[in-house]
Every structure is written in structure tokens, then in C-alpha cells.
Q: 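Here it is: the structure, laid out below.
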Protein chains: 2
Amino acid sequence: MADGTVSKVKDAPRNPVGREGVLDVAARLFREQGYGSVSLRKIADAAGIKAGSIYYHFGSKDEIVVAILDVGIQVVHEKMRQAVSALPEGTDAETILRAAIGTHLRALLDVSDYTSANVRIFGQVPQSVRDANLPTRRAYEAEWDALLSRLQERGALKPDVDIRRLRLMLIGALNATLDWFDPDRGSAEALSRTYADVFLNGILERQDS
Amino acid sequence: MADGTVSKVKDAPRNPVGREGVLDVAARLFREQGYGSVSLRKIADAAGIKAGSIYYHFGSKDEIVVAILDVGIQVVHEKMRQAVSALPEGTDAETILRAAIGTHLRALLDVSDYTSANVRIFGQVPQSVRDANLPTRRAYEAEWDALLSRLQERGALKPDVDIRRLRLMLIGALNATLDWFDPDRGSAEALSRTYADVFLNGILERQDS
DNA sequence: GTCTATACAGCGATAGAC
DNA sequence: GTCTATCGCTGTATAGAC
């Protein structure tokens, strides 16, 4: 207080929103309402600025959307990689898969508006925006394919399942939870356990033993 | 030709499109492009009429969408019920589930623009439209819940899985195929077999035996 | 970095002729 | 049953002041 910097006490809530602030607000709105229902005016309103001001930070609406889509994948990719590589060498396949599934599902349902916005609106945005997000997606998909291939090669997964198809089924099933997940009915953590149970062992009661 | 009816030979391709024709065209466009990208002008163009003419058949755009959503569920519901009830009494649980899964997936990927449009755009339409479609959806969901409960009661399914959650997981996973299914990489029929394999028995290689 | 003001396109919807 | 013409609204985007 007694140093050289000026501490503004009044007008405190009027600090600049900035590029980050716009992105955070936009990601939340896209997650909640989808692509078509969220206009630049709505984003500006929620951020506490005027619509025209957005163009100081971004060249177009598409530029905002691409940024959000990329961050959404990067967040879940990074968390998934860390969760798996944090496991001790020689960890069994079941534990590895449960970690990967749990991390993806928590990023989607608990952690990141960017990841959930990506899953929610990817199918709604213009083709050019989807194309811009593709390299980032491919990298995350490759991470999953590498993980699943490793497990299949060491004999932990059934040998006849195509890895690409398995990854599409798994990620697709997890992402679909966004449409109906309700934290009041159970945590993302508990849900991820159920998904792992079903994918790993199936739903049929086995009559052997 | 020699009877009392007049057979117009000229102007043959100019027959009226009608309510059905508009719905068919709209369902195809919604399936292909999503809700936000399909305007009444696009629908009219594809149907070979002018935008204003649509209002002779429908009171609003929402009315078109609700009609398509309802038909989409009714088609897959009816086919699923028929496929299951066509099986002889005493059919084993695995066969029943494979029939239900296969029917749902074929309706979605092969048979009906209405069903695929429903899955594609349901999350994009206004709340009022979603609400209008809810009763129809509930009926289909109840059909699945009844089927799964029957199988669980007769001891064919693991006893600890919540039926509602299992249905959400199953239908969600199947519907997600719409985002990536490519007939050039394999038929819907083959895909449904893989889904049944995974859901029934899981992906882990079993070390017993 | 944000504001005001505005241009311009496309949307759903309506009215009346044929 | 379809056409033409048009209205009002909302969207993205731009220009220039502060």
C-alpha cells in the first residue's frame, strides 16, 4: 500500500476481462447452450463487455470457437497422459484402463468447461472449424491407440478387436454421458467405475464357477 | 388411359411435394447438416418449392422439427419391439440383446433419416421442441428398461448394475456411432456384432481356462 | 481495452395473388 | 398447393471515439 504502485479501491470490479476472460465465459456458455444458441452478444453480456469489444481479442467468432476446441482436447490429453504415466511400471492392464477412463470422464464431467464444450459443440460447428481442430484431436486419439495397442500386444486385451474401432466405441460411450450425467444421481468418479466394469468384463452373468 | 381419369403427360415432374415430401427432405438435411445450418429456405430449395409454401403444411419451423423427432423414435421403437417379440419364447438373453442392439443400430445407420436426424439434432433444438419429443422418447426408453429388467430378473445379467444407467450407457454408445460410422469401413451389421461382443463379454482377455 | 454506432446478410414468418 | 413480396428481428462484423 505504501509502495509505488497505485491500489485502486473504488471501481474494483471493473478490471479488464481480456482474451482469457472471454474464452472462459464462452466455453461455459457453449457447454451449457450449444453452438447455435450462443451469439457474440451473449458472450459479451456474460463477460460484462460489449459485443464489438470482442474483436479486439479475436478476428472472428470462429477464431474463438477454434481456440476453445483446441484447449478442450489439450486439457484432457495432458491429464490422461499424466495419469497413465504416473502408474508404476508393470501395472496390470485393468488398473491402467481404469485410470485412463476415469481421467477422461472426470475432465469431461467435473473439471473442464473447455473439454465439455468441445464434446458438445464439435458436431455443430462449421466444417472449417472442425478441420482446424483435427490435428489436436488426432494427437489425443493417437495417445489412446498407443495405449490400447500396448495392452493388446501384451495379451491383456482380446486379440480380435480392431484398436481404432475399440477407441471410437470407448471414447464415444464416455462422451455420450455429457447428455444425461447428473451429479445428483452419483459422482463422475462412481460413473467411471461402472463404465470400466462394463467395458472390461461385460454385462452378462457368467455361469461358470 | 382410356378411362375417365385424365393422364397428364406433359409437366410430369411438377407433382406436388406435400407435407410428406417436405418432411422427408427436411429429415435428410437435418441428419446431414445439423439443426442450426438448415433454414426453411434450404428445405424449400431441396424440396423444389419456395420457402413461403412450407407454411401451407406447417405452422412453424418447430412444428416440422417436432414431427421429425417423433417419427424418428417411433420408427426405431417399432422395429426394436418387433425384432424382439419375433424371437421364440425361451430365447437366451444373449440372442435377445443382440437382436435389440442390431435393430437399433441398423435403424440409426442404415434405415431411417428420421432416426438419425433425431439423434443428431436433439441436443441442438430449442427446449420447447425437446419437451414435445419427450413422451415419445420415454416410451422407447421404457421398452428398453423392461427388456433389460426381464433379463436381469431371470439372472442373465449381473445383478448389481442399475438398469436405467445401463440403458443410458448402451443407447448412448450406440448413438455415438453416428459421428464416425463409415459404411466403407464395414457394415452396420458387422458393427452391431462388435458392440454386442464388447457389452456382453467385455474387452479383457480372460486368463482362466 | 472498451465504447458507440452502424452496415449488411440471413432468418422465420405473414399476406395476398394465382 | 404454390408463388411473390415483404416485414421485423438477430446475427456477425467494421469504423472511429475515448
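So you know, we letter chains A, B, ... as the sequences are listed, proteins then strands, and number each from 1.
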Q: Using OP1 and OP2 only, check whether a side-chain N or O of A:Tyr55 sits under 4.0 Å from D:dA13.
A: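 Checking D:dA13 against A:Tyr55, a side-chain N or O does come within under 4.0 Å of OP1 or OP2.
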Q: So how far is it from B:Ile64 CD1 to B:Leu40 CG, rounded to the nearest 0.5 Å?
A: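 Atom-to-atom, B:Ile64:CD1 and B:Leu40:CG are 5.5 Å apart.
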Q: Starting at NE2 of B:His57 and ending at C1' of C:dA13, how long is that distance when rounded to a whole Å?
A: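 For the pair B:His57 NE2 and C:dA13 C1', the rounded distance is 16 Å.
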Q: For D:dG1, take OP1 and OP2 only and decide whether either is under 4.0 Å from a side-chain N or O of B:Ser53.
A: no
Q: In whole angstrom, give the distance that lies between atom CZ of A:Arg19 and atom P of C:dT2.
A: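 Going from A:Arg19 (CZ) to C:dT2 (P), I get 13 Å.
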Q: Among B:Val129, B:Val38, B:Leu69, whose side chain to side chain contact (heavy atoms under 4.5 Å, CB included) with B:Ile121 holds?
A: B:Leu69
Q: Does B:Arg31 come within less than 4.0 Å of B:Asp113, counting only side-chain N to carboxylate O?
A: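 Salt bridge present between B:Arg31 and B:Asp113.
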Q: Starting from P on C:dT4, measure out to OH on A:Tyr56 and report it in whole angstrom.
A: 18 Å
Q: Measure the distance from CD1 on A:Ile49 to P on D:dC18 and round it to the nearest whole Å.
A: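 In whole Å, D:dC18 P lies 21 Å from A:Ile49 CD1.
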Q: So, does B:Lys61 get its side chain near the phosphate of C:dG12, meaning an N or O under 4.0 Å from OP1 or OP2?
A: yes
Q: In whole Å, what is the span from the NZ atom of A:Lys42 to the P atom of D:dT12?
A: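 Whole-Å distance recorded here is 10 Å.
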Q: For B:Arg154, is the CZ atom crowded, meaning more than 12 foreign heavy atoms sit under 6.0 Å from it?
A: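 Yes, CZ of B:Arg154 has more than 12 neighbouring heavy atoms, counting only those of other groups under 6.0 Å.
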Q: Between P on D:dG11 and CG on A:Asp62, what's the gap in Å once rounded to a whole number?
A: 16 Å
Q: Whether the side chain of A:Arg41 and the base of D:dT10 hold a donor-acceptor pair under 3.5 Å is what I'd like checked.
A: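 No, the side chain and the base share no sub-3.5 Å donor-acceptor pair.
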Q: Separation of B:Asp45 atom CG from D:dT2 atom C1', in whole Å?
A: 14 Å
Q: Under 4.0 Å between a side-chain N or O of A:Ser39 and OP1 or OP2 of D:dG11?
A: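 The answer is yes; a side-chain N or O of A:Ser39 sits under 4.0 Å from OP1 or OP2.
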Q: How long is the line joining CG of B:Leu40 and C1' of C:dA13, in whole Å?
A: 9 Å
